[in-house]
Peer 1: 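My questions will all concern the structure given below.
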Amino acid sequence: EAEMNLVMATITAIRNIRGEMNVPPGTQVEVFLHSPEVAPVETLNRHRQSIQILGRVQDLHCNSATGPPAAAAKAVVDTVEIFMPLTGIIDFKEEAKRLDRELEKLGKEVTQAQRKMSNEDFLAKAPPEVVAKEQAKLQAQTDKLQKLKFHRERIKELMG
């Protein structure tokens, strides 16, 4: 059970990196796994085929002597570091532009929602369920904005 939990968490981490970094779904990627402990790497190596199929991984490198690749997205599962090189897979400048546009748009939406929630007249006259719905919407937008800012910073780091 512990082995399968590690394998599933690793596949999930690879999929999350793909989603966060806008790696096209059909693109086969290269993944480097590194851990100071031998047992988790051996477990993942035994389940190599499942990881490659479910994570759309072309090449899986376990405890590679070359170390972590440059311009790679990183995730950590237990003691295993997962690196996915992104050079040649995504255009960092285009991704940065797209994120900037999305950040600007979402920033305006959050500002508008904050203005609405700070309007005493709206809060006094609107039914409680409408106010609750607007608060939930504002919270979701704020969370998304934070994730986008984090993602933008990661792209900036990867660009060098």
Side-chain angles (χ1 to χ4, degrees), residues 6-35 44 50-64 66-123 125-160:
L6 176 63
V7 172
M8 289 187 307
T10 302
I11 292 168
T12 299
I14 291 169
R15 288 177 169 178
N16 286 344
I17 291 172
R18 293 177 71 98
E20 290 170 4
M21 294 307 204
N22 272 354
V23 175
T27 303
Q28 292 284 322
V29 295
E30 190 174 17
V31 172
F32 292 79
L33 304 176
H34 180 74
S35 176
L44 294 172
S50 298
I51 295 168
Q52 287 181 296
I53 291 169
L54 296 172
R56 292 197 190 270
V57 175
Q58 182 175 352
D59 294 319
L60 184 66
H61 307 280
C62 298
N63 273 351
S64 173
T66 59
K74 178 184 173 185
V76 178
V77 173
D78 293 332
T79 62
V80 180
E81 294 178 310
I82 302 165
F83 299 96
M84 183 185 298
L86 297 171
T87 306
I89 295 175
I90 64 170
D91 182 342
F92 293 112
K93 289 181 182 176
E94 282 302 313
E95 181 68 4
K97 287 179 189 175
R98 184 190 72 77
L99 287 170
D100 288 340
R101 287 190 304 267
E102 201 169 331
L103 280 167
E104 184 179 339
K105 178 184 169 210
L106 194 57
K108 288 177 184 175
E109 290 176 11
V110 167
T111 302
Q112 193 174 22
Q114 286 173 333
R115 218 177 288 131
K116 190 179 222 180
M117 292 309 297
S118 63
N119 182 343
E120 294 296 327
D121 200 35
F122 168 75
L123 295 174
K125 293 181 180 177
E129 57 273 1
V130 172
V131 173
K133 183 180 175 184
E134 288 297 320
Q135 283 176 326
K137 182 179 168 184
L138 174 61
Q139 185 61 49
Q141 288 175 328
T142 305
D143 292 346
K144 185 176 179 181
L145 188 64
Q146 292 303 318
K147 287 178 184 178
L148 281 175
K149 285 180 180 177
F150 176 74
H151 183 55
R152 178 63 178 98
E153 286 301 313
R154 285 183 70 185
I155 291 293
K156 186 176 176 183
E157 289 170 12
L158 293 172
M159 287 172 67

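Keep in mind that this is a model prediction, so the values were computed, not measured.
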Peer 1: Taking all non-hydrogen atoms of both residues into account, name the closest pair between Glu30 and Pro85 and its distance.
Peer 2: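 Closest pair (atom of Glu30, atom of Pro85, distance): O-CD, 3.1 Å.
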Peer 1: If you look at every heavy atom in Ala71 and Thr87, which pair is closest and at what distance?
Peer 2: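 Here Ala71 and Thr87 meet closest at CB-OG1, 3.3 Å.
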Peer 1: Is the shortest heavy-atom distance from the side chain of Val110 to the side chain of Leu138 under 4.5 Å?
Peer 2: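 SC-SC contact between Val110 and Leu138 confirmed.
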Peer 1: Looking at side-chain heavy atoms only, is the closest gap between Met117 and Val131 below 4.5 Å?
Peer 2: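 Yes, close enough: below the 4.5 Å cut-off.
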Peer 1: Sorted by first residue and then second, give each salt bridge (charged side-chain N to carboxylate O under 4.0 Å, His left out) pair with at least one member in residues 132-142; sequence neighbours left out.
Peer 2: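 Salt bridge (charged side-chain N to carboxylate O under 4.0 Å, His left out) check on residues 132-142 returns Lys116-Glu134.
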Peer 1: Counting neighbours of CZ on Phe150 that are heavy atoms of other residues, nucleotides or ligands and sit closer than 6.0 Å, is the number greater than 12?
Peer 2: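 Open: at most 12 neighbouring heavy atoms sit under 6.0 Å from CZ of Phe150.
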Peer 1: Rounded to the nearest 0.5 Å, what separates atom CZ in Phe92 from atom CZ in Arg154?
Peer 2: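 Taking CZ in Phe92 and CZ in Arg154, the distance rounds to 11.0 Å.
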Peer 1: Would you check if Ile155 and Met21 make a side-chain contact, meaning some heavy-atom pair closer than 4.5 Å?
Peer 2: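 Yes. Closest side-chain heavy atoms under 4.5 Å.
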Peer 1: Is Glu104 salt-bridged to Arg101, cutoff N-O under 4.0 Å?
Peer 2: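 No, Glu104 and Arg101 are not salt-bridged.
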Peer 1: I want to check something: taking the side chain as every heavy atom from C-beta on, are Arg152 and Leu148 in contact at a cut-off of under 4.5 Å?
Peer 2: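 Arg152 vs Leu148: side chains apart.
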Peer 1: Is the shortest heavy-atom distance from the side chain of Leu54 to the side chain of Arg15 under 4.5 Å?
Peer 2: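 They are in side-chain contact.
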Peer 1: Rounded at 0.5 Å granularity, tell me how far CG in Asp143 sits from CD in Gln139.
Peer 2: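 Asp143 atom CG to Gln139 atom CD measures 4.5 Å (nearest 0.5 Å).
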Peer 1: Look up atom CG in Asn16 and atom CD1 in Ile11, then write down how far apart they are to the nearest 0.5 Å.
Peer 2: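 So the gap between those two atoms works out to 12.0 Å.
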Peer 1: What I'd like to find out is whether the side chain of Asn22 reaches to under 4.5 Å of the side chain of Arg98, using heavy atoms alone.
Peer 2: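 In short, these two side chains touch, coming nearer than 4.5 Å.
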Peer 1: Do Glu102 and Lys105 meet the salt-bridge criterion of a basic N to acidic O distance under 4.0 Å?
Peer 2: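 Salt bridge absent between Lys105 and Glu102.
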Peer 1: When rounded to the nearest 0.5 angstrom, what distance separates CG in Leu106 from NZ in Lys147?
Peer 2: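 It is 12.0 Å, given to the nearest 0.5 Å.
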Peer 1: Step by step, would you call Asp78 with Val80 a side chain to side chain contact (heavy atoms under 4.5 Å, CB included)?
Peer 2: CA-CA 6 Å; Asp78 293 332; Val80 180; 5.5 Å; no
Peer 1: Less than 4.5 Å apart, side chain to side chain, heavy atoms only: is that true for Glu95 and Asp91?
Peer 2: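 In short, these two side chains do not touch, never coming nearer than 4.5 Å.
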Peer 1: Looking at CD of Glu94 and CG of Leu99, how far apart are the two atoms once the value is rounded to the nearest 0.5 Å?
Peer 2: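 One finds 11.0 Å between CD of Glu94 and CG of Leu99.
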Peer 1: Can you name the ring-ring contact (aromatic ring centres under 6.0 Å, His included) partners of Phe83, sequence neighbours left out?
Peer 2: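 Checked Phe83 against ring-ring contact (aromatic ring centres under 6.0 Å, His included); zero matches.
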Peer 1: Tell me if the CD atom of Gln114 is crowded by more than 12 foreign heavy atoms within 6.0 Å.
Peer 2: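 Yes, CD of Gln114 has more than 12 neighbouring heavy atoms, counting only those of other groups under 6.0 Å.
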Peer 1: Determine whether a donor-acceptor pair (N or O, by modelled atom type, separation under 3.5 Å) exists between the side chain of Ser35 and the backbone of Thr79.
Peer 2: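 Pair found, side chain donor or acceptor close to backbone of Thr79.
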Peer 1: Spell out, as yes or no, whether a donor-acceptor pair under 3.5 Å connects the side chain of Arg56 to the backbone of Pro25.
Peer 2: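 Here the side-chain-to-backbone pair exists.
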Peer 1: Are the side chains of Leu44 and Ile51 in touch, meaning some heavy atoms are under 4.5 Å apart?
Peer 2: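 Sidechains of Ile51 and Leu44: in contact.
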Peer 1: Atom CG in Asn63, atom CZ in Phe32: separation rounded to 0.5 Å?
Peer 2: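 The distance works out to 12.0 Å.
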Peer 1: Tell me whether Gln58 contacts the main-chain N or O of Val29 through its side chain, where contact means a donor paired with an acceptor under 3.5 Å.
Peer 2: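 No: the side chain of Gln58 does not pair with the backbone of Val29.
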